[in-house]
Amino acid sequence: MKLTHFFYILLFVCFGQSQFCQAQKKINIEYTGFLTFDEEKYPGAKVLTRDDSQQVHIIHGGINMWCDQAIHYGNEDFVEAYGNVIVKQGDTINMTSKYVEYSGKTQLAFASGNVILENPDSKISSDTLYFDRIKQQAFYRNGGNVAIDSSGTITSKIGLYYMDAKKYQFVEDVVLKNDSTTVKSNYFDFYDETKHAYLFGPSTITTPESVTYCEKGFYDTENKIGYAVKKAKIDYENRTVEGDSLYFDNNTSFASATNNITVTDTLNKSIVKGHYAEVFKEKDSMFITKRALAITVQQKDSIYIHADTLMVTGKPEKRITRAFRNARLFKIDMSAKADSIHTNQENGLTQLINISKFDSNDAFSVKRKPILWNINNQMTGDTIHLKSNPETEKLDSLIVFNNAFLISKDTIGTGYNQINGKTLIGLFNENNELHVVDILKNAQSIYYFRNDENELVGIDKSKSGSIKIFIEDRDIQEVRKINQIDGDIYPESKYPKNEKLLKGFDWREDERPKSVEDLFKNDPPLVLPVIKGLEDYMPQEDFFDEDLMARIKKADSEAKPTEEGKPKASRNLPKNLKKKDEKKLIYPKSVINQQ
């Protein structure tokens with residue numbers, strides 16, 4: 001009997017504890033000034049009204065709610081709160097609004113009318129807001145504004161806040177603004193603690209110094225740095241940088257780009273391409289490497305310069321382009337090679353410079369010199385300068401300094417017309433063709449004379465103080481020798497075979513670029529790095545997911561019939577929810593495929 005008596009006592013205690021726990025789960029009215037009933041208007045409900053001392057105070061679980069008036073439906077464990085509503089969860093969440101309805105069974109709150117939800121680092125403002133206490137998520141779907149410390153404010157049509165992760169997901173018409181930056185995107189993930197933003201879909205980041213566009217990107221709103229991939233582009237006033245991947249620092253107006261890069265200078269009508277670049281806006285400079293190519297756009301013909309590395313410096317009107325290591329130049333009527341090519345935009349001067357690789361111990365070595373081809377003429381020397389008119393973009397003149405050597409192949413035979421001397425000065429006509437050439441100091445020449453029928457008359461070899469050459473229709477028409485020292489014209493049969501080439505002769509026609517593609521023909525194979533970039537966009541989770549819908553459905557099924565005949569838990573669900581069986585929100589159809 002004692003054992004049985006103990007069993008009943010234990011059963012009573014357990015049952016009492018169970019009832020107590022269940023009672024604790026229900027909404028509790030902590031304080032009300034006045035309690036009334038209005039069965040006609042609020043059947044089965046208590047009407048709670050504040051008094052002069054304080055508001056109505058309601059408690060459920062870990063939240064406290066205050067309001068001017070509340071309608072409490074005890075059967076459904078549901079409350080409607082009106083007037084200056086305040087909802088607090090611990091010391092982290094504080095929500096104010098004109099109206100709140102809350103279900104103790106689903107733990108879902110619906111707030112409307114000037115809703116403001118604050119946590120220690122941010123503030124959400126919206127006309128309507130849902131708050132799921134179990135998942136610790138807040139959601140708006142008809143436009144909202146989020147103020148986040150120093151990061152600024154973010155507006156969007158749809159917003160979802162994960163309180164535990166301190167993460168926001170914004171969808172449709174997303175705009176972030178702070179003192180100096182405006183970010184626009186369709187899909188925007190933001191992490192409250194790090195102040196990092198992830199952009200998906202067509203997105204722009206606008207600052208006073210630049211506009212960045214991408215369709216997938218990252219931006220550190222606090223440190224103002226980030227990177228962009230997928231159709232990435234940065235506009236710096238008159239210069240645009242495009243590439244597969246762009247890194248940028250808006251504090252210093254610096255950007256670096258990787259793979260398939262194009263830098264367009266709209267003011268100077270120039271384009272630079274390559275596969276790695278760094279741009280310094282404040283210093284008006286940039287360098288680019290990996291198949292680097294500079295293009296100067298002109299009315300009739302563009303100039304192409306290729307080298308291992310290109311560097312562009314200076315203001316637009318004083319811009320200088322430097323091509324380093326294995327530099328090559330091509331335009332329709334001219335091409336060149338040198339170790340380095342320097343072009344000055346202000347004065348129109350282009351310099352071809354070589355680093356000496358001559359081996360004095362090798363009797364058969366040939367010193368490689370800068371080389372310029374114009375129509376049928378090959379010119380070499382220690383340094384070559386080309387001068388053009390910056391306004392008309394036409395070639396004016398050229399100077400070959402030290403060891404100047406001009407070669408053109410005989411029009412019919414196998415011989416070579418050759419002239420060398422200390423300095424060569426050439427003048428160009430309106431068609432960018434050499435028409436006058438002066439060889440100054442210690443000039444030597446070998447020239448194949450032909451008559452009007454192109455018959456070889458003889459071979460002229462001579463030495464003189466200087467030589468002036470007149471060229472017409474791309475052929476040498478006249479050669480004037482000044483202060484000739486010696487020389488004669490020999491029939492071809494009597495000309496010594498071992499004297500047909502002047503000392504230093506180096507015919508390099510096989511090196512001549514004859515197209516833009518030829519500029520790259522001797523480059524080593526290029527292997528581009530694989531850009532891993534950012535993770536693909538993950539569509540926003542449904543706030544009204546299966547778990548929440550199951551809670552709502554259960555609460556509705558447990559609701560006792562009222563005169564209205566409508567359960568409270570589901571009455572403020574969004575109208576665009578799909579069929580009950582699907583239990584998912586309809587989100588924008590234009591979720592970007594980020595693959």
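Count residues from 1 along the sequence.
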- Message: What I'd like to find out is whether the side chain of Ile234 reaches to under 4.5 Å of the side chain of Val211, using heavy atoms alone.
- Response: no
- Residue set satisfying salt bridge (Lys or Arg N to Asp or Glu O under 4.0 Å) with Lys318, at least two apart, ordered chain then number -> none
- Item | Heavy atoms from other residues, nucleotides or ligands near NZ of Lys177 exceed 12 (cutoff 6.0 Å) | no
- Taking 4.0 angstrom as the limit, do Glu118 and Lys123 come out as a salt bridge? no
- Task: Dump the intermediate steps for side chain to side chain contact (heavy atoms under 4.5 Å, CB included) on Ile148 and Thr153, then the final yes or no.
- Result: CA-CA 6 Å; Ile148 306 175; Thr153 61; over 6 Å; no
- Query: Looking at His57, Lys88, Glu30, which hits side-chain hydrogen bond (donor to acceptor under 3.5 Å, both in side chains) with Asn64?
  - Reply: His57
- Under 6.0 Å from the six-membered ring centre of Phe543 and within 45° of its axis: does the NZ or CZ of Lys135 meet both? yes
- Value for CG (Asp523) from CG (Asp308), rounded to nearest 0.5 Å, stands at 7.0 Å
- Message: Looking only at the side chains, is there a donor atom on one of Thr128 and Arg141 sitting less than 3.5 Å from an acceptor on the other?
- Response: no
Donor-acceptor pairs are to be reported for all side-chain atoms of residues 196-204 against protein atoms at under 3.5 Å, with residues two or more places apart or in another chain.
from, atom 1, to, atom 2, distance (Å)
His196, NE2, Asp220, OD2, 3.4
Ser203, OG, Ser185, OG, 2.8
Ser203, OG, Gly201, O, 2.8

- Message: We want to know whether Asp556 and Ser570 form a side-chain donor-acceptor pair, criterion being a heavy-atom distance below 3.5 angstrom.
- Response: yes
- Task: Please determine which of Phe188, Tyr227, Phe248 meets the ring pair (Phe, Tyr, Trp, His ring centres under 6.0 Å) test together with Phe218.
- Result: Tyr227
- Message: Testing the 3.5 Å rule here: is there a donor-acceptor pair between the side chains of Gln169 and Glu541?
- Response: no
- salt bridge (Lys or Arg N to Asp or Glu O under 4.0 Å) against Asp547, all qualifying residues, sequence neighbours excluded: Arg551
- Leu35 backbone acceptor or donor facing Thr32 side chain under 3.5 Å: no
- Residues in ring pair (Phe, Tyr, Trp, His ring centres under 6.0 Å) contact with Tyr99, at least two apart in sequence or another chain: Tyr82
- Asp249 side chain to Asn251 side chain, donor-acceptor N/O pair below 3.5 angstrom: yes
- Do Asp68 and Gln55 have a side chain donor and acceptor closer than 3.5 Å? yes
- Task: Would you check, one step at a time, whether the test side chain to side chain contact (heavy atoms under 4.5 Å, CB included) holds for Val174 with Lys184?
- Result: CA-CA 6 Å; Val174 188; Lys184 295 183 179 180; over 6 Å; no
- Mark yes or no for whether Ser103, through its side chain, and Thr106, through its backbone, hold a donor-acceptor pair below 3.5 Å. yes
- N/O donor-acceptor pair under 3.5 Å between Gln136 side chain and Arg133 backbone: yes
- Using a cut-off of 6.0 Å, state whether more than 12 heavy atoms not belonging to Asp164 lie near its atom CG. yes
- Can you check side chain to side chain contact (heavy atoms under 4.5 Å, CB included) on Gln69 and Val56, steps first, answer last? CA-CA 7 Å; Gln69 188 177 64; Val56 177; 5.8 Å; no
- Message: Regarding Asp284 and Lys315, does a basic nitrogen lie under 4.0 Å from an acidic carboxylate oxygen?
- Response: yes
- Message: Any heavy-atom pair between the side chains of Ile288 and Tyr276 that's under 4.5 Å?
- Response: no
- Please state whether the rings of Tyr130 and Phe544 are parallel, tilted or perpendicular, taking 30° and 60° as the class boundaries. perpendicular
- Note on the structure: Tyr31 meets the ring pair (Phe, Tyr, Trp, His ring centres under 6.0 Å) criterion, sequence neighbours left out, with none
- Can you tell me how far CD1 of Ile86 sits from OG1 of Thr96, rounded to the nearest 0.5 angstrom? 7.5 Å
- Using only heavy-atom distances, determine whether the side chains of Thr264 and Arg239 contain a donor-acceptor pair under 3.5 Å. no
- Task: With sequence neighbours left out, write down each residue that passes ring pair (Phe, Tyr, Trp, His ring centres under 6.0 Å) with Tyr168, or none if nothing qualifies.
- Result: Tyr161, Phe170
- Query: For the atom pair OG (Ser125) and OH (Tyr140), what is the distance rounded to the nearest 0.5 Å?
  - Reply: 9.5 Å
- Is it true that Glu76 and Lys105 have a side-chain N and a carboxylate O under 4.0 angstrom from each other? no
- For atom CD of Glu193, is the number of surrounding heavy atoms from other residues, nucleotides or ligands below 6.0 Å larger than 12? no
- Query: Within 45 degrees of the axis of the six-membered ring of Phe190 and under 6.0 Å from its centre: does Lys195 put its NZ or CZ there?
  - Reply: no
- Query: Is there a donor-acceptor pair under 3.5 Å between the side chain of Ser256 and the backbone N or O of Ala277?
  - Reply: no
- Taking atom types as modelled, is there a side-chain donor on Glu101 or Asn572 under 3.5 Å from an acceptor on the other? yes
- Query: Are the side chain of Glu39 and the backbone N or O of Gly44 linked by a donor-acceptor pair below 3.5 Å?
  - Reply: yes
- Task: May I ask you to check whether Glu242 and Thr262 show a side-chain donor-acceptor distance below 3.5 Å?
- Result: no
- Query: Quick one: do the Tyr42 and Glu40 side chains pair a donor with an acceptor below 3.5 Å?
  - Reply: no
- Task: Measure the CG-OG1 distance between Leu310 and Thr321 for me, rounded to the nearest 0.5 Å.
- Result: 7.5 Å
- Query: Sub-3.5 Å donor-acceptor pair from the side chain of Ser253 to the main-chain atoms of Asn250, do we have one?
  - Reply: no
- Modelled atom types, side-chain donor and acceptor of Lys224 and Ser180, under 3.5 Å: yes
- Query: Ignoring hydrogens and geometry, is there a side-chain-to-backbone donor-acceptor pair from Asp77 to Ile27 under 3.5 Å?
  - Reply: yes
- Without swapping roles, check the side chain of Thr181 against the backbone of Thr207 for a donor-acceptor pair under 3.5 Å. no
- Item | Contact check, side chains of Pro529 and Lys290, non-hydrogen atoms, under 4.5 Å | yes
- If we ignore angles and hydrogens, is there a donor and acceptor under 3.5 Å between the side chains of Thr240 and Asp235? yes
- Item | Straight-line distance of Phe287 CZ to Thr313 OG1, nearest 0.5 Å | 13.5 Å
- Query: Can you tell me how far NZ of Lys283 sits from OG1 of Thr252, rounded to the nearest 0.5 angstrom?
  - Reply: 9.0 Å
